[in-house]
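If you're wondering where the values come from, they're calculated on a predicted model, not measured in any experiment.
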Amino acid sequence: MADPQNPQILPPAQPGRTRAQSLVSDENLDLLAHLLDDWFAIPGTSIRVGLDGVIGLIPGLGDILAGLASCILIVAAWLRGVPWVTLLRMAVNVGLEVAIGAVPFLGDIFVIAWKANRRNYRLMTLHLREPHRHTGKDVGFLLCLLGGVVAILAAPFVVLLIIVVWILHRM
């Protein structure tokens, strides 16, 4: 029980753990993911919204603040020894949420549906339970993502090449 004469902002360390280990415990990180992604229920629906979705409604600043709050899970996963490929995948989840969430209205709907913090918490716990089992899936996801980015960047050059070939052919 807390001592009223000596209030603490941070909870005391749990037995056998340091205060830092207690802060990044499964219980605290699950609570954080729940708070950020699905804390409130929209009355009359099964849709749940967290602080990410609410804060994201503030133009510009809201998505940045929500993204910073989401980074807490990534840092906690790093402190707990999650592999770098999983950390990168978690960062991509947050990056997608911030980038697409910046689009007015439709981005906010995406943030509510995507639930990056829930995804990241699930990734972290899977990799802590079975460290090497899911790494191949993470690498595959990141390679597909890289392929998509390369395709998007190459598309204008391919279109330009087609136009040049067509013009030269018409001469």
With Trp114 as partner, the option from Asp52, Asn93, Val94 fulfilling side chain to side chain contact (heavy atoms under 4.5 Å, CB included) is Asn93
Hey, mind stepping through Arg80 and Leu128 against side chain to side chain contact (heavy atoms under 4.5 Å, CB included) and telling me if it holds? CA-CA 8 Å; Arg80 295 180 74 181; Leu128 289 174; 3.4 Å; yes
Hey, what do you get for [atom1] ([X]) to [atom2] ([Y]), rounding to the nearest 0.5 Å?
{"X": "Leu123", "Y": "Thr86", "atom1": "CG", "atom2": "OG1", "answer": "6.5 Å"}
{"X": "Asp30", "Y": "Arg122", "atom1": "CG", "atom2": "CZ", "answer": "11.0 Å"}
{"X": "Met124", "Y": "Arg89", "atom1": "CE", "atom2": "CZ", "answer": "14.5 Å"}
{"X": "Asp108", "Y": "Ile100", "atom1": "CG", "atom2": "CD1", "answer": "12.0 Å"}
{"X": "Asp63", "Y": "Ser70", "atom1": "CG", "atom2": "OG", "answer": "10.0 Å"}
{"X": "His34", "Y": "Tyr121", "atom1": "NE2", "atom2": "OH", "answer": "12.5 Å"}

In terms of heavy-atom contacts, Glu97 and Ala116 come closest through OE2-N, 3.2 Å
Verify the cluster assignment for [X] and [Y]: are they in a single hydrophobic cluster under the rule of side-chain heavy atoms below 4.5 Å apart?
{"X": "Val92", "Y": "Val103", "answer": "no"}
{"X": "Val111", "Y": "Leu57", "answer": "no"}
{"X": "Val150", "Y": "Val158", "answer": "no"}
{"X": "Leu96", "Y": "Ile64", "answer": "no"}
{"X": "Ile109", "Y": "Ile112", "answer": "no"}

Practice task
Flag the pair Arg118 and Asp38 as a salt bridge only when some basic side-chain nitrogen lies within less than 4.0 angstrom of an acidic carboxylate oxygen.
Solution key: yes
| query | Has the side chain of Asn120 got a donor or acceptor atom that lies under 3.5 Å from a matching backbone atom of Met90? | reply | yes
> Has the side chain of Asp37 got a donor or acceptor atom that lies under 3.5 Å from a matching backbone atom of Asn117?
Replying inline: yes
Any side-chain heavy atom of [X] within less than 4.5 Å of one from [Y]?
{"X": "Leu32", "Y": "Leu73", "value": "yes"}
{"X": "Pro156", "Y": "Val159", "value": "no"}
{"X": "Ile74", "Y": "Trp78", "value": "no"}

For Trp39, does the six-membered ring have the charged nitrogen or CZ of Arg48 within the cation-pi criterion, i.e. under 6.0 angstrom from the centroid and within 45° of the normal? no
